[in-house]
Amino acid sequence: MKIRELHAWPRMSTSEAKQLQLRLRELLVWDGGPASCALVAGGDGTYRVGQPTGRASAVIWSTEELTVVERSFAERELTMPYIPGLFSFREAPVLLEAFRGLRHTPDVVLLDGHGLAHPRRFGLACHVGLFLDLPTIGCAKSLLVGKHGDLASDEGATAPIVHEGEVVGAAVRTRRGCRPVYVSQGYRISLARAIEIVLLCARGRRLPEPARLAHLALQGERTWSRPPAC
DNA sequence: GCGACAG
DNA sequence: ATCTTGTCGC
Ligand SMILES: [Mg+2]
């Protein structure tokens, strides 16, 4: 497969994007996931009103030292609008650029969006994992497709997400009294291992540390018109 | 046709 | 996601 070629989409129609997802889906590979998860990365993207570009961050977090090992940023022109189900074509290019700027290689990557819990089983986490050739986990803050039953209020509680008769992920309670996060396989990982890693990285917060830090890294760059009230 | 709908 | 301060609740 000509991965470089597929990566240079200047602009594509929604129907072309859907077709491409169906082809790329066939390239997904699954295994149990990384044996070690000493280095877990998180990525996120942001946009600003009236700006034609988007920015992305990639943060590597040490699960042993509980510290940030490395951060990388990228800025790039956005070619696609946000369309539910086609989100990765908007955000993956700038995210991939940020991840390619890292000097370390993480054991697994957490993405702010879904993996298999997607109408065509090819969400952002699948897309980014495939092109980085690294294990990835989709960790979204709300559902795109599927339903799940009630889950206990205890930290660590889970409930399968079912879509069209398939288990495509799990709702995971990472913090007591908070809404769950929605975990699904991105690339080269099992659902069980994905849930384990998300819980390992949660540490009392709703969003797992690498994802949360990647988000904060972008906010931290924002310039405020007025100093924050305090 | 209507409602749902990651970020 | 963004535009944005304070405020309410576990
Ligand atoms: Mg995001």
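Remember, predicted model here, so these are calculated numbers, not experimental data. Just so we're on the same page: letters track the sequence lines, and every chain starts at 1. Only heavy atoms go into these numbers, but all of them, side chains included; no hydrogens, no water, no symmetry mates.
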Task: Base-paired stems in DNA chain B, each at least three Watson-Crick or G-U pairs under 3.5 Å - done: none

Open item on the list: Under 4.0 Å, heavy atom to any atom of DNA chain B: which of residues 138-156 of chain A qualify?
Closed with: A:Ala140, A:Lys141, A:Ser142, A:Leu143, A:Leu144

TODO: Inspect the contact between A:Glu155 and A:Arg175 and indicate whether a charged nitrogen and a carboxylate oxygen are less than 4.0 angstrom apart.
DONE: no

- [ ] May I ask you to decide whether A:Arg100 forms a salt bridge with A:Glu97, counting only side-chain N to carboxylate O separations under 4.0 Å?
- [x] no

Open item on the list: Students often get this wrong, so: under 4.0 angstrom with heavy atoms, is A:Gly85 touching a base, only sugar-phosphate, or nothing?
Closed with: base

Open item on the list: Under 4.0 Å, counting only non-hydrogen atoms across every strand here, what does A:Leu78 touch: a base, just sugar-phosphate, or nothing?
Closed with: nothing

Task: A:Tyr82 over B:dG7, stacked by centroid distance under 5.5 Å, angle under 30° - done: yes

Open item on the list: For the residue pair A:Glu75 / A:Thr53, report whether a side-chain donor-acceptor contact shorter than 3.5 Å exists.
Closed with: yes

TODO: Could you check if a side-chain atom of A:Ile60 sits within less than 4.5 angstrom of a side-chain atom of A:Val40, using non-hydrogen atoms only?
DONE: no

Open item on the list: With rounding to the nearest 0.5 angstrom, report the OG to NE2 distance, A:Ser184 to A:His163.
Closed with: 12.5 Å

Task: SG on A:Cys139 to CD1 on A:Ile195, rounded to 0.5 Å - done: 11.0 Å

Task: Interatomic distance where CD belongs to A:Glu91 and P belongs to B:dG7 [whole Å] - done: 10 Å

TODO: Measure from OH on A:Tyr182 to C1' on B:dC5 and round the result to the nearest Å.
DONE: 14 Å

Review item, nucleotides 7-10 of chain C N/O atoms under 3.5 Å of protein N/O:
none

- [ ] Kindly express the pairing pattern of DNA chain C in dot-bracket notation, using | wherever a base pairs with another strand and counting only Watson-Crick or G-U pairs under 3.5 Å.
- [x] ..........

Open item on the list: Can you tell me which nucleotide in C:dT2, B:dG7, B:dC5 comes closest to the side chain of A:Pro84?
Closed with: B:dC5

- [ ] Just compare C:dC3, C:dA1, B:dA6 and give me whichever is closest to any side-chain atom of A:Tyr47.
- [x] C:dA1

- [ ] Only one of A:Phe87, A:Tyr187, A:Phe122 passes ring-ring contact (aromatic ring centres under 6.0 Å, His included) with A:His127; say which it is.
- [x] A:Phe122

Open item on the list: Strictly distance-based, threshold 3.5 Å: is any side-chain N or O of A:Ser72 a donor or acceptor partner for the main-chain N or O of A:Phe99?
Closed with: no

Please list, pair by pair, any protein nitrogen or oxygen found under 3.5 Å from a nitrogen or oxygen in nucleotides 1-3 of chain B.
none

Task: Inter- and intrachain pairs under side chain to side chain donor-acceptor pair (under 3.5 Å), touching residues 128-152 of chain A, at least two apart - done: A:Asp112-A:Lys141, A:Asp133-A:Arg188

